[in-house]
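Let me begin by presenting the structure, written as structure tokens, before commenting on it.
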Amino acid sequence: MLYATASQTVGPYLHIGLDWLNSGEMAGPDVSGERVTITGVLTDANDKPIPDGMVEFWQANAHGKHNHPDDPQKLPVEEGFLGFARMRTDAEGHFTISAIRPGRVPGADGKTPQAPHITVSVFVRSVLKRLATRIYFGDEAGAQANAEDAVLKLIPAEHHATLIAKPLGGGKFEWNVRIQSGAETVFFEV
């Protein structure tokens, strides 16, 4: 039997050559929209913190426009809106990002809007490719949009909680990533 060597996995050397891109700020102070802070912990199959993981976040702005040339919508993108953040987990597996609550973006049919969400890529040791998932918002403002979201409708209801950030009040949310545990986060094929 053949086994992957350390050079064939995405970690634990994620910081080599990538630290200069690390930032938890997805939008500058003058960008419009509701400010949110999302904190969480990345844990392994034994519910132990992963201290050497990396988490990337991509989002649309408050208008529902991504700061990317492939987004064809004729909506504004304000100066200072990055729509991207990358964070290494700390010694206890924690990460924190500051974002704007994203607007709704068109679904796969180009019309039906998706619920506001942040797209997430998780990189950890012993995994050969990135893990892709999403963060939805579990507060009152997100609940109705979540019920209408085509992607969430594809996922059994008992697994929705792994994708929904819990409101803590004051624009703060908690969203944890669990890998290969009984409450594993839902990941998507990419």
Side-chain angles (χ1 to χ4, degrees), residues 4 6 9-27 33-60 82-102 115-143 145-146 149 151-152 155-190:
T9 66
V10 296
Y13 308 109
L14 300 169
H15 64 279
I16 298 173
L18 294 175
D19 276 353
W20 67 276
L21 283 171
N22 291 353
S23 172
E25 297 290 329
M26 296 180 78
E34 178 188 348
R35 298 277 166 176
V36 295
T37 301
I38 301 170
T39 60
V41 179
L42 177 61
T43 56
D44 66 14
N46 298 313
D47 288 326
K48 302 282 187 210
I50 298 175
D52 55 0
M54 184 173 69
V55 189
E56 286 184 349
F57 305 87
W58 298 86
Q59 74 162 95
L82 301 174
F84 171 79
R86 174 184 286 153
M87 294 298 304
R88 285 179 37 198
T89 57
D90 68 13
E92 288 81 38
H94 292 101
F95 58 87
T96 300
I97 62 161
S98 174
I100 299 290
R101 183 187 293 262
H117 66 276
I118 297 174
T119 302
V120 181
S121 291
V122 179
F123 300 88
V124 294
R125 59 180 139 71
S126 301
V127 175
L128 298 177
K129 62 180 188 175
R130 73 184 173 101
L131 302 171
T133 189
R134 287 182 167 188
I135 301 172
Y136 291 91
F137 296 88
D139 59 354
E140 193 174 321
N146 291 347
D149 188 80
V151 173
L152 278 174
I155 299 166
E158 62 269 19
H159 298 292
H160 285 191
T162 69
L163 300 176
I164 299 175
K166 297 175 191 163
L168 301 175
K172 295 180 180 173
F173 292 83
E174 177 184 1
W175 180 74
N176 297 308
V177 182
R178 291 181 177 86
I179 298 176
Q180 299 179 339
S181 68
E184 181 178 32
T185 299
V186 171
F187 297 107
F188 303 102
E189 287 291 323
V190 289

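- Side-chain contact check for V41 versus E92: every heavy-atom pair is 4.5 Å or farther apart.
- For the pair R178 and D47, the minimum side-chain heavy-atom distance is below 4.5 Å.
- Remark: E140 pairs with no residue by the side chain to side chain contact (heavy atoms under 4.5 Å, CB included) rule, at least two apart or across chains.
- For the pair T162 and A183, the tightest heavy-atom approach, listed with the atom from each and the gap, is CG2-O, 3.9 Å.
- Of the inter-residue distances, the one linking S121 atom OG with F187 atom CZ reads 10.5 Å to the nearest 0.5 angstrom.
- The backbone N or O of I155 sits less than 3.5 Å from a side-chain atom of H160, completing a donor-acceptor pair.
- Annotation: side chain of M26 is in contact with side chain of I97 (closest heavy-atom distance under 4.5 Å).
- Taking the side chain as every heavy atom from C-beta outward, T43 and K48 never approach each other to under 4.5 Å.
- Taking CZ of R125 as the start and CG of D52 as the end, the distance is 4.5 Å to the nearest 0.5 Å.
- Between atom CD1 of residue I100 and atom CZ of residue R35 there is a gap of 3.5 Å, rounded to the nearest 0.5 Å.
- Remark: side-chain polar atoms of N146 are paired, donor with acceptor, to backbone N or O of F137 under 3.5 angstrom.
- In this structure, W175 and F95 have perpendicular ring planes: the angle between them is above 60°, well past the 30° mark.
- Remark: side-chain polar atoms of D149 are paired, donor with acceptor, to backbone N or O of V151 under 3.5 angstrom.
- Here the side chain of S98 pairs no donor or acceptor atom with the backbone of T37 at under 3.5 angstrom.
- At a threshold of 4.5 Å between non-hydrogen side-chain atoms, the residues R134 and L152 do not count as touching.
- Counting heavy atoms from C-beta outward, D44 and I179 have side chains that stay 4.5 Å or more apart.
- Between W58 and F84, the ring-plane angle classifies as tilted under the 30° and 60° cut-offs.
- Residues satisfying the side chain to side chain contact (heavy atoms under 4.5 Å, CB included) test with K166, not counting sequence neighbours, are none.
- Residues V190 and A132 share a closest heavy-atom pair of CG1-CB, 3.4 Å.
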Note to self: What verdict does the side chain to side chain contact (heavy atoms under 4.5 Å, CB included) test give for V177 and V120, after you've listed the backbone C-alpha separation in whole Å, the side-chain angles of each residue and the deciding distance to 0.1 Å?
What the structure shows: CA-CA 10 Å; V177 182; V120 181; 5.6 Å; no

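- To the nearest 0.5 Å, the span separating CE on M87 from CD on E25 amounts to 9.5 Å.
- Under the 4.5 Å side-chain criterion, counting only non-hydrogen atoms from C-beta, D139 is in contact with R101.
- Going from atom OG1 of T96 over to atom NZ of K172 covers 10.0 Å, rounded to the nearest 0.5 Å.
- Scanning both residues, P116 and P102, for their nearest heavy atoms gives CB-O, 3.1 Å.
- A 4.5 Å side-chain heavy-atom check between F188 and T133 finds at least one atom pair inside the cut-off.
- In this structure, A91 and P51 approach most closely via the heavy-atom pair O-CB, 3.5 Å.
- To the nearest 0.5 Å, atoms CD (E174) and CD1 (I38) are separated by 11.5 Å.
- Counting only distance, with no hydrogens or angles, the side chain of T89 and the backbone of G53 share a donor-acceptor pair below 3.5 Å.
- What you find for V127 and K129 is that their closest heavy atoms are CG1-O, 3.0 Å.
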Next item on the list: Please report the C-alpha distance between I135 and Q59 in whole Å, then the side-chain angles of each, then the deciding distance to 0.1 Å, and finally whether the side chain to side chain contact (heavy atoms under 4.5 Å, CB included) criterion is met.
Entry: CA-CA 10 Å; I135 301 172; Q59 74 162 95; over 6 Å; no

